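Both backbone and side-chain heavy atoms feed into the values below; hydrogens, waters and symmetry mates do not. None of these values were measured; they are calculated from a predicted model.
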Amino acid sequence: MKTIFVMIKAELGQAYAVADQAVDQELASEVHSISGQYDLLLKCYLDDDQDPGIFVTEKIQTLPGVRDTFTIIAFKAFG
């Protein structure tokens, strides 16, 4: 199992709709609204054989209202 964090910049006024879609489609274990350059932070668990690039480009970037994404691949969790 691998963990990725995806920050999403939504179209103006669409952050909550994008968050609802991510939750409804069970794309992430956690969805947070955040401050700064991006509107949402998703914590996603992928199977070891699942390609993070394909997951992000086909599942997350295609959600209506998504304008941009920034992905962080986690190596190890502590604690």
Side-chain angles (χ1 to χ4, degrees):
M1 184 77 59
K2 41 189 163 186
T3 306
I4 66 170
F5 294 89
V6 182
M7 290 185 279
I8 295 175
K9 186 179 293 184
E11 297 292 342
L12 292 177
Q14 296 299 307
Y16 280 43
V18 172
D20 288 341
Q21 292 174 75
V23 169
D24 291 346
Q25 294 183 31
E26 298 179 350
L27 297 177
S29 65
E30 298 177 31
V31 178
H32 298 267
S33 60
I34 58 174
S35 64
Q37 289 185 313
Y38 290 86
D39 303 304
L40 300 170
L41 174 67
L42 279 63
K43 182 178 184 182
C44 307
Y45 292 110
L46 305 181
D47 292 331
D48 286 330
D49 62 343
Q50 198 169 6
D51 184 304
I54 292 173
F55 175 80
V56 172
T57 58
E58 292 184 359
K59 301 291 186 185
I60 295 178
Q61 290 180 348
T62 57
L63 292 172
V66 172
R67 189 165 139 207
D68 191 19
T69 61
F70 183 85
T71 304
I72 298 169
I73 298 173
F75 297 123
K76 179 177 174 59
F78 298 89

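- Here the CG-CE distance, from Asp47 to Met1, works out to 5.5 Å after rounding to the nearest 0.5 Å.
- Side-chain heavy-atom separations under 4.5 angstrom define the hydrophobic clusters, and Phe75 shares its cluster with no other residue.
- Counting non-hydrogen atoms of neighbouring residues, nucleotides and ligands closer than 6.0 angstrom, the NZ atom of Lys59 reaches no more than 12 such neighbours.
- Taking the side chain to side chain contact (heavy atoms under 4.5 Å, CB included) definition, one finds that Leu12 meets it with nothing, sequence neighbours left out.
- Here the closest non-hydrogen pair linking Lys2 and Pro52 is NZ-CD, 3.9 Å.
- For residues 34-45, the set of pairs meeting the side chain to side chain donor-acceptor pair (under 3.5 Å) definition, not counting sequence neighbours, comprises Lys43-Tyr45.
- Through ILVMFWY side-chain contacts below 4.5 Å, Phe78 is grouped with nothing and stands alone.
- Considering only heavy atoms from C-beta on, Met7 comes within 4.5 Å of Ile72 through its side chain.
- When hydrophobic residues (I, L, V, M, F, W, Y) are linked wherever their side-chain heavy atoms come within less than 4.5 Å, the members clustered with Phe55 are Ile4, Val6, Ile8, Val18, Val23, Leu27, Val31, Leu40, Leu42, Leu46, Val56, Ile60, Leu63, Val66, Ile73.
- Remark: side-chain polar atoms of Asp51 are paired, donor with acceptor, to backbone N or O of Gly53 under 3.5 angstrom.
- Residue pairs meeting the side chain to side chain donor-acceptor pair (under 3.5 Å) criterion with at least one member in residues 15-28, sequence neighbours excluded, do not occur.
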